[in-house]
Visitor: 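Handing you a structure now.
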Amino acid sequence: MLQLNYIRENKDEVLKRLAIKNFKDAETIITAVLAKDAERRNIQKDSDNLKAEANQIAKQIGELMKAGKKDEAEQAKAKTGDMKAKEKQFDEQLKKLEDEMHALLVQVPNTPSFKVPNGKTPEDNEVVFEHGAKPTLHAKAVPHWDLTTKYDLIDFELGVKIAGAGFPVYKGKGARLQRALINYFLDKGIAQGYQEVQPPIVVNEESGYGTGQLPDKEGQMYHVGIDNLYLIPTAEVPVTNIYRDVILKESDFPVKNCGYTPCFRREAGSYGKDVRGLNRLHQFDKVEIVQIVHPEKSYDTLEEMREYVAGLLKELELPFRTLKLCGGDMSFGSALTYDMEVWSAAQQRWLEVSSVSNFETFQTNRLKCRFKDANGKTQLAHSLNGSALALPRIVAALLENNQTENGIKIPKVLVPYCGFDMIS
RNA sequence: GGAGAAAUGGCAGAGCGGUCUAAUGCGGCAGUCUUGAAAACUGUUGACUGUUAAAGGUCCGGGGGUUCGAAUCCCUCUUUCUCCGCCA
């Protein structure tokens, strides 16, 4: 959520930046917010004055009672008259205005960094880095959904029987490969200075709101109605919410956490080749990295995180490219996002396996995650996160790219984790 | 799931209707002393809002109520602890 103060003082800049994100109603909403804000501040002033007066009288009555001057106390009581009713009226007006302002503000996406390229669709994203040659496959090469069946690694139909489409059952070496990847990603994260955490995989409303999934993406999450909990769509939600209502010390920076969790996404409305095989699932595994940093450092941190994820892909020997997302393709809360895509050789397409974003103060403002700066002033920290990495599409690319006539080769770094070097 | 108790500042803990702008201790920070450190002593030490700065306003788990006045009384929700039951 954007900071009200910032909007108040930089209206034109906010509008200019929101335009990069192609946010249509910017002018209308921002103007409405500022109008309500001005009104609220006026009423607040009147309300505060009234309360000050009432406090004064109450104090006097206290002193009179103590001195045993009952009559004078009664006279003072009479002075309070309709103050109480007025106070109540002010409170109601203020609450109404605040609610209305809030309802408007949560609709406004984050202002993108000026580094964000203009554009509306994924085609407008900017390729900033490309690594590795696309492999040439043998003549009988097939997509991963055929390989998983051929080698009995993943049973999609069995998952349909147990839960539904999009909930695969990993078996044998397929399951072991999953476990290997999770351990590999976590070990790398720890080596990079991240603290490993195992958070809850359901969250309450407040947490969903804190990182921006609510109210914006209500329909994308599985909801446990009876307890009013949401299955997490990413570890970002519980891990970032660790810092909700926390005031950090400057010496705590950088706060680095990583965690493995299953992730659940309803993905309503998806269809076709995008959801074939492992391309898009309702439940999948992911290791997430999250950092809370000093505002001046957040863009350096973003680059560091991008490099880190790129390093993982290099070690896995997967051809990949890095995209800087354009205004129209960025997520709601992000100020700058890099997507990492691996080349899936049998499908002949790029698959997104990581998204690394700087949220600046967008999340921390909702979370009230702050720190005391050198001058002793509290200010909002910056939050960032990235997938490092999401498993299914990595598995898809590994299987497809490394298939030979004799089986599927496991990349060197994973062999110690898998306990085998070939799936055959 | 049943019965009982509790929730106060970074922590411990007092306050149970009227200077509470919340005692006291610990911790943190600054100073004195010291070559330096420790100890001791002195001072300081929350968040939000508001203002050029102040004044003022709000906050004692959340929400609501009683009252001229609520940390303190009432209702409600949540959480924690103790005992019982069930259980990986």
Visitor: Do the side chains of A/E100 and A/K96 get close enough for a salt bridge, i.e. N-O under 4.0 angstrom?
Guide: yes
Visitor: Please give the distance between the C1' atoms of B/U79 and B/A88 as a whole number of Å.
Guide: 24 Å
Visitor: More than 12 heavy atoms of other residues, nucleotides or ligands under 6.0 Å from NZ of A/K368: yes or no?
Guide: yes
Visitor: Any ion pair linking A/K88 and A/D91 (charged N to carboxylate O, less than 4.0 Å)?
Guide: no
Visitor: Between P on B/U67 and CE on A/M65, what's the gap in Å once rounded to a whole number?
Guide: 15 Å
Visitor: P atom, B/U35 versus B/G27: distance in rounded Å?
Guide: 25 Å
Visitor: If the cut-off is 4.0 Å, is A/T378 near the phosphate of B/C48, judged by side-chain N/O to OP1 or OP2?
Guide: yes
Visitor: In whole angstrom, what separates A/R40's CZ from B/C48's P?
Guide: 15 Å
Visitor: Taking B/A22 as the reference, what is the distance to B/U45 when you measure between their C1' atoms (whole Å, please)?
Guide: 15 Å
Visitor: Should A/R266 and A/E218 count as an ion pair when the cut-off is N to O under 4.0 Å?
Guide: no
Visitor: Does B/C73 have a Watson-Crick or wobble partner in any strand here, with both distances under 3.5 angstrom, and which is it?
Guide: B/G65
Visitor: Can you tell me if A/K372 touches the phosphate of B/A47, counting only side-chain N or O atoms and a distance under 4.0 Å to OP1 or OP2?
Guide: yes
Visitor: Which pair of non-hydrogen atoms, one from A/N241 and one from A/G210, has the smallest distance, and what is that distance?
Guide: OD1-CA, 4.2 Å
Visitor: May I have the distance from A/K45 (atom NZ) to B/U49 (atom C1'), rounded to whole angstrom?
Guide: 12 Å
Visitor: If you find the nucleotide of RNA chain B closest to A/N49 and the one closest to A/I61, which residue's nucleotide is nearer the 5' end?
Guide: A/N49
Visitor: Using the P atom in both, what is the distance from B/G85 to B/C74, to the nearest Å?
Guide: 33 Å
Visitor: If I pick the P atom on B/U8 and the same atom on B/U72, what distance separates them, to the nearest angstrom?
Guide: 14 Å
Visitor: Between B/G46 atom P and A/K249 atom NZ, what is the distance in whole Å?
Guide: 16 Å
Visitor: Rounded to the Å, how far apart are A/E98 CD and B/G57 C1'?
Guide: 13 Å
Visitor: Answer yes or no: does a side-chain N or O of A/R370 lie under 4.0 Å from OP1 or OP2 of B/A47?
Guide: no
Visitor: Under 4.0 Å between a side-chain N or O of A/N55 and OP1 or OP2 of B/G69?
Guide: no
Visitor: What is the distance, to the nearest angstrom, from the NZ atom on A/K86 to the C1' atom on B/C68?
Guide: 16 Å
Visitor: Checking base pairs now: Watson-Crick or wobble, both atom distances under 3.5 Å. What partners B/A88?
Guide: none
Visitor: B/G57 phosphate, OP1 or OP2: any side-chain N/O from A/R41 under 4.0 angstrom?
Guide: no
Visitor: In this structure, how many angstroms lie between the C1' atom of B/C68 and the CE atom of A/M83, rounded?
Guide: 10 Å
Visitor: Check A/E196, A/Q195, A/Q291 against A/N257 for a side chain to side chain donor-acceptor pair (under 3.5 Å) and give me the one that passes.
Guide: A/Q195
Visitor: Under a 3.5 Å cut-off for both contacts, is B/C41 paired Watson-Crick or G-U wobble with anything, and if yes, with which nucleotide?
Guide: B/G31
Visitor: Using Watson-Crick or G-U wobble geometry with both distances below 3.5 Å, tell me the partner of B/A7, or none.
Guide: B/U78
Visitor: Expressed in whole Å, how much space separates the P atoms belonging to B/U32 and B/A47?
Guide: 26 Å
Visitor: Between B/A47, B/G56, B/G50, which nucleotide has the shortest distance from any of its atoms to the side chain of A/I247?
Guide: B/A47
Visitor: Rounding to an integer number of Å, can you tell me how far A/D245 CG sits from B/U79 P?
Guide: 17 Å
Visitor: Scan every strand shown for a Watson-Crick or G-U wobble partner of B/A54, both distances under 3.5 Å, and answer none if you come up empty.
Guide: none
Visitor: Using the C1' atom as the reference point in each nucleotide, state the distance between B/U80 and B/U42 in Å, no decimals.
Guide: 40 Å
Visitor: Report which part of the nucleic acid A/A52 touches: base, sugar-phosphate, or nothing (heavy-atom distance under 4.0 Å, all strands).
Guide: sugar-phosphate
Visitor: Looking at B/G65, I'd like to know if its phosphate oxygens (OP1 or OP2) sit under 4.0 Å from a side-chain N or O belonging to A/K88.
Guide: yes
Visitor: Taking the C1' atom of each, how far is B/C11 from B/G65, in whole Å?
Guide: 33 Å
Visitor: So how far is it from A/L248 CG to A/T378 OG1, rounded to the nearest 0.5 Å?
Guide: 12.0 Å
